[in-house]
Amino acid sequence: MTRPRLFAPYRIDFGRPPAGRRQRLVTGPMAAERYNAREAEAHWQKVWAEKDIFRTRNEDLRSKYYVLEMFPYPSGRIHMGHVRNYAMGDVVARFKRAQGFNVLHPMGWDAFGMPAENAAMANKTHPAKWTYANIAAMRDQLKSMGLSLDWSREFATCDVEYYARQQKLFLDFLKKDLVYRKLSKVNWDPVDQTVLANEQVIDGRGWRSGATVEQRELTQWFFRISAFSEDLLGALDTLERWPEKVRIMQRNWIGRSEGLMLRFETVAETAPDGAADIEVFTTRPDTLFGASFIGLSPDHPLAAKVAAGNSDLAAFIAECRRMGTSVAVLESAEKKGLDTGIRVRHPFVEGATLPVYVANFILMDYGTGAIFGCPAHDQRDLEFARAYGLDVVPVVLPDGADRASFAIGAEAHTGGGVMINSGFLDGLNPQEAFEAAASELENRQLGGRPQGARKVNFRLRDWGISRQRYWGCPIPIIHCEACGVVPVPDCDLPVKLPEDVTFDAPGNPLARHPAWSKTSCPACGGAARRETDTMDTFVDSSWYFARFTAPWADTPTERAAADAWLPVDQYIGGIEHAILHLLYSRFFTRAMKASGHIGIDEPFAGLFTQGMVVHETYRAGDGSWASPAEVAISGEGGQRRAVLKASGEEVRIGPLEKMSKSRRNTVDPSDIIDSYGADTARWFMLSDSPPERDVNWTEDGVNGAWRFVQRLWRLVAESGEIMAPVGSPPPSPGGGAAMALRKAAHRALHSVGQDLERLRFNRAVAAIYELANQLVADAAALRDAPGGEPDTAAALREGIEILIQLMAPMMPHLAEECWRACGHDTLVSQQPWPQADASLLVEDTVTIAVQINGKRRDELTIARDAAKEDIESAALALDNVTRAIAGKPVRKVIIVPQRIVNVVV
RNA sequence: GCGGACGUGGCGAAACUGGUAGACGCAAAGGACUUAAAAUCCUUCGGGGGGUAACCCCCGUGCGGGUUCGACUCCCGCCGUCCGCACCA
């Protein structure tokens with residue numbers, strides 16, 4: 001196909017930016033026309049697609065680089081957060097490709113989940129139809145961004161080909177005992193009518209519906225993530241290219257604590273039959289002498305047993321259950337309890353017994369659901385003890401405190417010190433006392449077993465994955481009256497979702513389907529029933545990164561491909577997935593290794609969490625929100641005002657907030673790309689703000705990016721006649737403008753390379769601006785030079801080509817257009833990254849500051865390798881220096897070569 | 001409450017391991033070009049003071065101390081903003 005060449009530029013029709021800008025550029029001798037982003041972008045996207053240059057081959061023998069951005073949920077439209085995320089990933093992909101790596105950069109869809117069912121209820125469209133239509137729309141949008149993706153590997157998690165393999169993984173995990181079923185109290189979302197994981201309950205509300213969560217007992221499927229607690233925690237230290245913040249969050253989430261399992265013997269006549277002892281978990285066995293009660297969770301079996309014959313206790317337990325989840329209000333909830341009448345013997349104090357309470361602040365699913373309370377050294381126990389008049393005996397005397405007068409007031413002492421009131425532990429510090437008490441209890445027998453045992457406990461709980469929904473991956477299990485729970489045999493996979501379902505009632509459409517669940521037992525052949533629960537959608541996203549390495553395989557992974565590509569070298573996404581998605585993926589990697597699907601330990605070697613896209617908000621007098629498109633901003637003298645375009649009513653300009661539908665402060669990426677082009681949007685998303693921080697979307701900012709796009713194009717277009725022809729060698733070392741230009745280009749090359757390597761896009765942007773400014777000035781000077789300067793003309797070509805290559809990862813379409821305009825018939829997307837010439841990076845002379853007593857007084861330009869004595873004498877000879885010294889004796893001169901001179905007087 | 005991050009011009013930000021604070025961009029002001037506007041180009045742009053001028057001086061990275069020849073950077077103590085976790089025994 002023919003393309004307009006440099007001096008046969010495009011006809012301009014560039015809708016927005018504002019109509020008045022639709023003009024020919026008439027300054028400058030060359031009169032280049034504006035860059036038409038819309039046309040150029042469509043053209044280059046077509047060229048890339050036709051030449052299929054972003055397809056990745058597993059057979060390629062070059063070093064691999066796997067860059068992945070968190071795949072989107074197909075809501076129907078991309079948002080600015082996607083633009084930022086995918087722009088970053090694409091820069092990395094293009095940069096690494098130019099560096100010679102075999103880059104894997106795939107895209108897919110996190111396509112199961114509630115919104116599709118909600119849409120089905122609202123619009124009577126089938127979830128599959130809705131989802132695939134959304135995917136088609138979003139795919140088009142992503143393609144308009146010019147991302148260098150290998151679309152041949154695309155899949156959606158709702159594709160049968162994908163979830164069939166997920167079912168296989170489920171069955172394999174089951175064989176490895178990494179999946180199990182148990183009756184458990186679950187968080188029930190009454191609006192979505194489904195079970196939620198603990199992590200999906202935020203402040204007592206469903207993370208998606210926002211409804212107040214209730215407690216129910218159901219038999220649920222669980223992934224045994226706790227089997228890897230220790231490893232998931234320990235391996236965090238190996239993830240050096242993860243943000244410290246994320247590692248800390250995961251560490252806290254896993255919550256390892258070392259302590260002691262300890263059994264207290266009950267006083268027989270006070271305890272129900274069979275309750276010979278009560279086991280607690282404690283991390284403070286050193287404080288045992290300060291124990292004044294035992295606390296049981298309201299859900300503790302012993303509590304239930306006692307409650308059977310104690311209506312007060314039964315009522316109290318019921319009350320606790322009601323409080324249970326519904327209340328994040330629990331924050332300030334008072335400590336409450338009820339004495340069961342049971343008493344236990346103190347293990348160390350002969351004859352002493354402690355009361356056993358049921359208390360509302362004790363969790364059943366941590367430790368044993370029972371504790372011993374030491375009020376003096378635990379704030380919760382102290383509050384409880386104060387409420388019920390229990391003893392508060394200090395057993396740790398803080399350093400520096402007076403033994404005689406020390407007493408516990410409103411605050412428990414949780415720090416260190418020395419043991420007191422503690423029998424054989426007296427005089428030890430708490431660590432020593434921990435050891436001594438633990439050893440003692442390990443050696444003591446109670447009921448034929450050691451009374452104590454050291455135990456490491458984790459906060460991390462197993463991952464409940466059962467969801468009572470239709471639009472998810474069916475759990476491949478069959479329930480048989482005779483044989484019980486029977487896995488679907490591999491050869492019967494996949495268990496496909498039925499298509500004929502209804503959404504006109506709440507609850508699970510699968511469960512009420514008339515025929516789907518009816519089947520025969522694979523073991524006995526008798527009538528049986530399919531599991532109607534589907535998997536949590538977090539399961540889908542826990543292994544997609546592995547599937548991309550061989551999405552065509554009829555097994556979950558192709559082992560060789562997975563091992564060759566993984567781990568992902570650079571994973572990029574939002575901080576909101578710091579715990580759930582990333583922890584689940586780490587679990588899946590281990591489980592897939594255990595079941596032979598993968599050979600690695602950690603899925604993501606490098607993680608980057610990008611900031612949000614924020615925008616100011618506009619609110620009218622009646623409290624309604626206005627969208628950026630609806631308001632006009634005027635800015636007289638720094639006082640910005642916003643009025644509604646339609647009515648002229650003034651609206652209040654509110655603070656920056658994450659773009660959201662509720663505040664209506666969103667900007668549609670498609671609008672931006674249609675009017676400014678993808679390159680402008682990408683460039684703006686990468687400029688200014690550091691990528692891990694929030695970026696403020698502003699009209700001015702986009703306009704600035706758009707102006708720069710035009711400026712670059714103008715530079716290239718207008719330099720066509722004055723720069724040296726294609727293939728001209730750069731001038732050999734010398735002096736003058738040509739060398740200065742070469743140095744500037746190579747310096748930029750060097751620093752942009754470093755910045756991209758470290759994902760510091762905003763710095764790379766600044767360096768590119770700087771080089772462009774330099775080139776524009778040099779091009780202008782060259783144009784004015786009579787007869788031209790051959791060296792400068794050659795240096796200009798080198799500089800411009802470097803500039804084009806530096807911008808190519810961020811503004812790929814413009815870069816192609818410029819590359820072509822420079823006379824190349826290759827694609828810049830396929831050019832190797834240029835090498836900076838080290839000899840051009842060092843200057844012969846350096847300018848260093850000269851300080852007197854640490855205040856800068858002058859600067860000194862001197863040979864780079866000047867001797868200290870020469871620097872000193874040159875510095876002391878400076879006018880400003882002699883004046884500032886004013887005859888005072890010089891006490892000391894500090895010289896750091898190439899950095900600074902400091903004269904101390 | 002616990003844990004973490006961050007406070008630099010009007011704004012987004014730079015500043016490599018302690019070495020010229022404010023690169024680069026946005027906004028703003030002035031000027032050139034234009035019948036005019038847009039676009040483009042040039043200049044100024046942390047605060048205060050002095051000088052006809054080239055320039056010079058003082059203050060300045062949330063606040064108060066400290067270490068150092070020298071601190072945005074390190075240490076101690078505050079204040080503020082944001083984000084996690086939240087009865088985990």
Side-chain angles (χ1 to χ4, degrees), chain A residues 17-28 34 203 243-246 248-249 251-253 255-257 259 280-284 295 328 330-331 333 335 359-363 365-374 378-381 383-384 457-461 575-576 578-579 635 637-638 640 684 687-690 692-696 698 700-701 703-705 707-708 710-711 714 751 754 760 762-763 765-770 772-773 776 780 847-860 879-880 883-884 891-896 898-905:
Chain A
R21 290 184 186 155
R22 250 185 257 171
Q23 252 119 45
R24 287 182 135 236
L25 180 73
V26 287
T27 52
R34 281 179 188 286
D203 291 339
E244 188 59 23
K245 179 187 174 71
V246 174
I248 289 168
M249 283 166 72
R251 212 168 277 141
N252 293 340
W253 191 264
R256 181 184 196 273
S257 58
V280 304
F281 174 72
T282 178
T283 56
R284 295 296 303 272
L330 266 185
E331 260 165 64
K335 304 274 178 289
N360 64 349
F361 65 97
I362 299 164
L363 306 170
D365 47 8
Y366 186 78
T368 63
I371 61 151
F372 82 79
C374 175
D378 183 287
Q379 190 61 33
R380 297 156 299 185
D381 297 347
E383 286 167 29
F384 190 78
N457 240 321
F458 293 91
R459 199 186 91 108
L460 181 67
R461 279 167 250 160
I575 185 73
E576 66 272 21
I579 296 175
R640 296 174 69 255
F684 178 50
S687 323
D688 291 350
S689 292
E692 68 279 8
R693 235 179 271 180
D694 290 353
V695 66
N696 181 19
T698 63
D700 284 335
N703 280 323
R707 279 198 303 270
F708 186 59
Q710 296 300 335
R711 188 170 141 90
R714 212 159 45 237
S751 67
Q754 280 190 335
R760 305 211 289 193
N762 58 319
R763 282 180 41 123
V765 164
I768 289 173
Y769 266 113
E770 221 161 340
N773 290 344
V776 166
T847 300
I848 60 177
V850 180
Q851 301 179 334
I852 311 293
N853 290 341
K855 282 183 198 291
R856 196 190 82 96
R857 287 293 179 233
D858 208 336
E859 59 184 30
L860 176 66
D879 285 351
N880 283 344
R883 181 149 29 85
R891 292 198 306 173
K892 197 171 171 188
V893 181
I894 287 134
I895 296 167
V896 183
Q898 297 168 45
R899 289 233 182 260
I900 206 154
V901 177
N902 191 9
V903 181
V904 186
V905 297

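Below, read A as the first sequence line, B as the second, and so on, with proteins coming before strands; counting in each chain starts at 1.
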Could you give the distance separating [M] and [N] at their [atom1] atoms, to the nearest angstrom?
N: B/U61; M: B/A21; atom1: C1'; value: 7 Å
N: B/C74; M: B/C82; atom1: P; value: 24 Å
N: B/U17; M: B/C72; atom1: P; value: 16 Å
N: B/A89; M: B/G80; atom1: C1'; value: 34 Å
N: B/G51; M: B/U43; atom1: P; value: 28 Å
N: B/C55; M: B/C78; atom1: P; value: 47 Å
N: B/C6; M: B/U44; atom1: C1'; value: 32 Å
N: B/A13; M: B/G62; atom1: P; value: 14 Å

Which heavy atom of [X] sits nearest a heavy atom of [Y], and at what distance?
X: A/Asp694; Y: A/Ser689; result: O-OG, 3.4 Å
X: A/Phe684; Y: A/Ala705; result: CB-CB, 3.9 Å
X: A/Ile852; Y: A/Ala884; result: CG1-CB, 3.9 Å
X: A/Arg459; Y: A/Asn252; result: NE-O, 3.5 Å
X: A/Phe458; Y: A/Tyr366; result: O-CE1, 3.6 Å
X: A/Phe372; Y: A/Val280; result: N-CG1, 4.0 Å

May I have the distance from [X] (atom [atom1]) to [N] (atom [atom2]), rounded to whole angstrom?
X: A/Arg707; N: B/U40; atom1: CZ; atom2: C1'; answer: 11 Å
X: A/Tyr769; N: B/A23; atom1: OH; atom2: C1'; answer: 14 Å
X: A/Arg899; N: B/U17; atom1: CZ; atom2: P; answer: 10 Å
X: A/Leu860; N: B/U20; atom1: CG; atom2: P; answer: 14 Å
X: A/Lys245; N: B/G4; atom1: NZ; atom2: C1'; answer: 6 Å
X: A/Glu859; N: B/G19; atom1: CD; atom2: P; answer: 17 Å
X: A/Arg693; N: B/C6; atom1: CZ; atom2: C1'; answer: 8 Å
X: A/Arg763; N: B/C16; atom1: CZ; atom2: C1'; answer: 8 Å

- B/G12: syn or anti, with syn meaning chi within 90° of zero? anti

For [X], answer base if it contacts any base atom (sugar-phosphate contacts may also be present), sugar-phosphate if it contacts only those atoms, and nothing otherwise; contact means non-hydrogen atoms under 4.0 Å.
X: A/Ser687; result: nothing
X: A/Ser257; result: sugar-phosphate
X: A/Asp858; result: nothing
X: A/Asn880; result: sugar-phosphate
X: A/Ile362; result: base
X: A/Lys855; result: sugar-phosphate
X: A/Ile894; result: base
X: A/Gln851; result: base
X: A/Asn773; result: sugar-phosphate
X: A/Arg251; result: nothing

Among the nucleotides [options], which one has an atom lying closest to any side-chain atom of [X]?
X: A/Asp700; options: B/C26, B/A86, B/A13; answer: B/C26
X: A/Val904; options: B/U20, B/C69, B/C24; answer: B/C69
X: A/Arg711; options: B/A13, B/C24, B/C41; answer: B/C41
X: A/Arg34; options: B/G25, B/A39, B/G4; answer: B/A39

Does [Y] offer a backbone N or O that forms a donor-acceptor pair with the side chain of [X] under 3.5 Å?
X: A/Asn853; Y: A/Val905; value: yes
X: A/Asn880; Y: A/Asp858; value: no
X: A/Asn457; Y: A/Ser257; value: no

- Query: Is there side-chain contact between A/Val896 and A/Ile848, with heavy atoms separated by less than 4.5 Å?
  - Reply: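 Side-chain contact under 4.5 Å: no.
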
- Item | Side-chain heavy atoms of A/Ile575 within contact of A/Val246, under 4.5 Å |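 SC-SC contact between A/Ile575 and A/Val246 confirmed.
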
- Message: Taking the basic N atoms (NZ, or NE/NH1/NH2) and the acidic carboxylate oxygens, is any pair closer than 4.0 Å for A/Arg461 and A/Asp365?
- Response: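 Looking at A/Arg461 and A/Asp365, the cut-off is met.
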
- Query: Listed in order of residue number, which residues of residues 366-373 of chain A have a non-hydrogen atom at under 4.0 Å from RNA chain B?
  - Reply: A/Tyr366, A/Ile371

- Note on the structure: Comparing nearest nucleotides in RNA chain B, the 5'-proximal residue of the pair A/Arg760, A/Asp688 is A/Asp688

- Message: Let me spell it out: for each of A/Gly701 and A/Asp378, pick the nucleotide of RNA chain B with the closest heavy atom. Which residue's pick is nearer the 5' end?
- Response: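 Final value for this comparison: A/Gly701.
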
- Do the side-chain N or O atoms of A/Asn696 get closer than 4.0 angstrom to the phosphate oxygens (OP1, OP2) of B/C11? no

- Item | Presence of A/Arg714 side-chain N/O under 4.0 Å of B/C41 phosphate oxygens OP1/OP2 | yes

- Note on the structure: Under the rule of Watson-Crick or G-U wobble with both distances under 3.5 Å, where | means paired to another strand and [ ] a crossing pair, RNA chain B maps to (((((((..(((......[....))).(((((.......))))).(((((....)))))..(((((..]....))))))))))))....

- Query: When you measure from the centre of the six-membered ring of A/Phe361, is the NZ or CZ of A/Lys335 under 6.0 Å away and within 45° of the axis?
  - Reply: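 Cation-pi check for A/Lys335 and A/Phe361: passes.
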
